[in-house]
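Some notes on the structure that comes next.
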There are 2 protein chains.
Amino acid sequence: MTSASDLASWAALLADETRAAICLALLDGRAWTAGELAAHTRVAPSTATEHLHRLVAGGLLVERRQGRHRYVQLAGPSVAHLLESVSAGIDGRAAPPRGLRAATADAALRRGRTCYDHLAGQLGVAVTDAMTGAGLLDQSGGFALTPAGLAWFTDTLGVHPEALRPGSRPLARGCLDWTERRQHLAGTAGAKLCETFLHHKWIERIGSGRAVRLTPDGRSALRDLLALPDPD
Amino acid sequence: MTSASDLASWAALLADETRAAICLALLDGRAWTAGELAAHTRVAPSTATEHLHRLVAGGLLVERRQGRHRYVQLAGPSVAHLLESVSAGIDGRAAPPRGLRAATADAALRRGRTCYDHLAGQLGVAVTDAMTGAGLLDQSGGFALTPAGLAWFTDTLGVHPEALRPGSRPLARGCLDWTERRQHLAGTAGAKLCETFLHHKWIERIGSGRAVRLTPDGRSALRDLLALPDPD
DNA sequence: GCGACGCTTCGGCCACCGCCGAACCATTTC
DNA sequence: GAAATGGTTCGGCGGTGGCCGAAGCGTCGC
C-alpha cells in the first residue's frame with residue numbers, strides 16, 4: 001500500500017507553482033523544450049532545469065535529448081490520467097474564473113481541447129456520443145470499439161490496422177471530462193482519432209495551449225462521417 | 001480550468017509526510033481526534049494542531065468539536081475518492097514492501113479493508129461480484145442497483161428505504177481497487193452495506209487501521225445471503 | 001474548586017527549497 | 001574558427017515551513 005512518504009514525495013512534485021504549471025502545460029501531450037517551459041512559466045532557464053530534473057527523477061516526465069535541445073513530456077497516459085483526475089477533483093469545488101480574458105480562454109477550453117493525446121471538451125464528448133450512436137463504440141460495458149468501429153478507423157479514417165492492435169494500453173477507454181462531466185473517448189483509439197483530425201486539419205490548435213477549434217473542413221467531415229450536426 | 005496555483009496549493013497539503021500520513025489514516029472513513037493523529041504520526045500535539053488547521057482550511061478535512069475533543073475526518077466521498085485515485089496511481093509503479101511485518105499487514109489489507117466508508121480488497125470485490133451474479137447489481141452500463149438489489153437492501157439487510165433515496169451522492173458507484181485492479185461497490189449503497197456488515201459483526205476491524213476481517217458469522221451470512229463460497 | 005486532560009497559541013530554531021546571475025559546456029550557424 | 005544559441009552547474013540569498021517546548025485555555029472528573 002502507499003506509504004505516507006511515497007504520497008508526500010509524489011505530491012511535493014506538484015506542490016510548487018512552477019512545476020504545477022509545467023505539468024499542466026504538458027497535459028497537451030506534446031513534447032516541450034526546456035526553454036519553452038522556462039518562458040511559459042516565466043522563470044530563468046536555470047530554474048527550469050532544476051524543476052525538470054526533479055520531475056524526471058520523480059517519474060512524472062520523460063526526456064529526449066536531441067541536438068542542443070532537451071525535450072520533455074509526460075511519462076505516459078497513466079500520469080496524464082492521474083493529473084486529469086486531480087485537476088478535475090480540485091475543480092469540483094473551485095470558483096468560476098475572474099476576468100474577461102480568463103473567461104474567454106475558459107470558454108475555448110470548454111468547447112474543445114486536447115486531453116493529453118485525445119479530444120476532450122464539448123467537441124470530444126460530441127464525437128464520442130456520435131460514435132456511440134452510429135454503433136462504432138459500445139459504452140454499455142465500459143468503453144469498447146465495435147467491429148464496425150474498428151473498420152471505421154481503418155477504412156474511413158485510414159488508420160493503419162497495426163496501430164490499433166491491443167497492447168499494454170487499452171484500445172478504448174473512457175476519460176471523465178472535467179467541464180462536461182461526461183465521458184469521452186481515450187486510449188489508443190482516442191489518440192489515433194485526435195492525430196487524424198489534426199493531420200487532416202479538421203481541428204487546429206488555438207495559440208500555444210490545449211484549446212482546439214473545429215475548422216470548416218472539420219465541420220463537414222464530422223457531418224459526413226458521423227452525421228454530426230454542427231456543434232454550435 | 002485548474003490554475004497552476006490551485007494545483008500547487010492542493011498538492012502542498014499532501015506534500016508533507018505527516019499530513020500525508022494523517023490523510024491516509026483518515027481514509028478509513030472514521031473521525032479521529034487530534035491527539036490520536038498526533039500519536040499515530042509521532043509528532044507533538046502542537047504540531048498536529050497546525051497540520052489539521054491547514055488541512056481543514058484547504059478543504060480536505062472537516063472538523064467537529066465535541067467537549068474537549070476535536071474530531072476530524074475527510075471532507076467527503078469525493079475527497080476520499082481523489083485520495084484513493086492518487087494512491088492507486090502511485091502504487092502503479094511502487095516496489096513491493098520490505099519486511100515481514102509490512103508483508104503481513106499488506107496481506108491483511110489485500111484481503112479486506114474499508115475504503116473510506118465502503119468495503120474494498122478481495123472481500124469487497126468478492127461481495128460486489130456475488131451481488132452482480134445474483135442480479136442485484138448491474139455493471140453493464142456503469143454501476144447501478146437493480147430493482148431486486150434495492151429490495152435486497154431494504155428487505156434482507158433491513159436498510160431504511162429513506163437512506164437509499166438518490167441524493168447528491170450516487171447510490172451505486174464503482175471504485176477501482178488498488179490491490180485487485182477490479183471495481184468494487186461504492187456510493188451510498190456501498191456505505192450502507194459496510195455499515196450493516198459492521199453492525200452485525202459480520203466483519204470486524206483488525207487493530208486501529210483500515211484492515212477488516214470476516215467473522216465466522218459473516219462467513220455464514222455471506223453464504224446465506226449471496227451464495228458466496230468461503231473466500232479463502 | 002481543584003487537578004487532570006486535550007488542545008491551542010506562541011516563540012524560536014533549523015532545514016529545505018525556489019530563485020537568480022554568472023560562468024561554463026555543447027551544438028549549430030556563419 | 002568565431003559567434004550565437006540552448007542548456008547546465010554552481011554559489012548565494014531569502015522566504016517558507018515543520019518541529020518542539022512552554023505557557024495558556026476550556027472541559028471533564030472527583
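For the numbers below, each heavy atom of this structure counts, side chains included, while hydrogens, waters and symmetry mates do not. The structure presented is a predicted model; accordingly, all values stated were derived computationally and were not measured. Note on naming: letters A, B, ... go to the chains in the order of the sequence lines (proteins, then strands), and numbering restarts at 1 for each one.
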query = Just by modelled atom types, is the A/Y71 backbone N or O under 3.5 Å from a matching donor or acceptor in the A/H69 side chain?
reply = no

key: Nearest to side-chain heavy atoms of B/T49, which nucleotide of D/dC20, D/dG18, C/dC7   = C/dC7

Aromatic ring pairing B/F197/B/W202, orientation class (parallel under 30°, perpendicular over 60°, tilted between) = perpendicular

inquiry  = Counting only side-chain nitrogens and oxygens, does A/R70 get under 4.0 Å of the OP1 or OP2 atom of D/dT8?
reply    = yes

message = Using only modelled atom types and a 3.5 angstrom limit, is any donor from either the side chain of A/T18 or the base of C/dG18 paired with an acceptor on the other?
response = no

Distance in angstrom units between B/D16 CG and C/dC16 P, rounded = 13 Å

query = Take atom NE2 in B/H199; do more than 12 heavy atoms of anything else shown fall under 6.0 Å from it?
reply = no

key: Short side-chain N/O contact from A/R65 to OP1 or OP2 of D/dT8, under 4.0 Å   = yes

task = Please report, rounded to the nearest Å, how far the P atom of C/dC7 is from the CD1 atom of B/I22.
result = 12 Å

key: Shortest side-chain distance from B/P45, nucleotide among C/dT9, C/dT8, D/dT8   = C/dT8

query = Using a cut-off of less than 4.0 Å, is there contact between a side-chain N or O of A/R54 and OP1 or OP2 of C/dG18?
reply = yes

request  = Calculate the interatomic distance between A/E17 atom CD and D/dG17 atom C1'; express it in whole Å.
outcome  = 17 Å

request  = Examine the base of D/dG21 for any acceptor or donor lying under 3.5 Å from a partner atom in the side chain of B/S46, and report the outcome as yes or no.
outcome  = yes

key: Length of the line joining B/R64:CZ and C/dC7:P, which is rounded to integer Å   = 13 Å

task = Take the protein atom CD of B/E63 and the nucleotide atom P of C/dC7, then report the distance between them rounded to whole Å.
result = 12 Å

Parallel, tilted or perpendicular: rings of B/H40 and B/W32 (30°, 60°) = perpendicular

task = Classify the side chain of B/R68 and the base of C/dC7 as holding, or not holding, a donor-acceptor pair under 3.5 Å.
result = no

key: A/H40 NE2 to D/dG6 P, straight-line distance once rounded to whole Å   = 18 Å

ask   = Within the pair B/T47 and D/dC19, is there a side-chain N or O less than 4.0 Å away from OP1 or OP2?
value = no

Nucleotide D/dC19, atom C1' - distance to NE2 of B/H53 in whole Å = 16 Å

ask   = Taking it one step at a time, do B/R70 and B/T49 satisfy side-chain hydrogen bond (donor to acceptor under 3.5 Å, both in side chains)?
value = CA-CA 10 Å; B/R70 177 203 212 178; B/T49 292; 4.9 Å; no

key: Rounded distance [0.5 Å steps], CG in B/L74 versus CG in B/D28   = 8.5 Å

key: Closest-nucleotide ordering on DNA chain C, the 5'-leading residue of B/A34 and B/E50   = B/A34

query = Are B/R19 and D/dG18 close enough that a side-chain N or O sits under 4.0 Å from OP1 or OP2?
reply = yes

request  = Check whether any side-chain N or O of A/H69 sits under 4.0 Å from OP1 or OP2 of C/dT27, and answer yes or no.
outcome  = no

message = Please pick, from D/dT8, C/dG18, C/dT8, the nucleotide with the shortest atom-to-atom distance to any side-chain atom of A/H51.
response = C/dG18

Integer-rounded Å distance: D/dC19 P and B/L37 CG = 14 Å

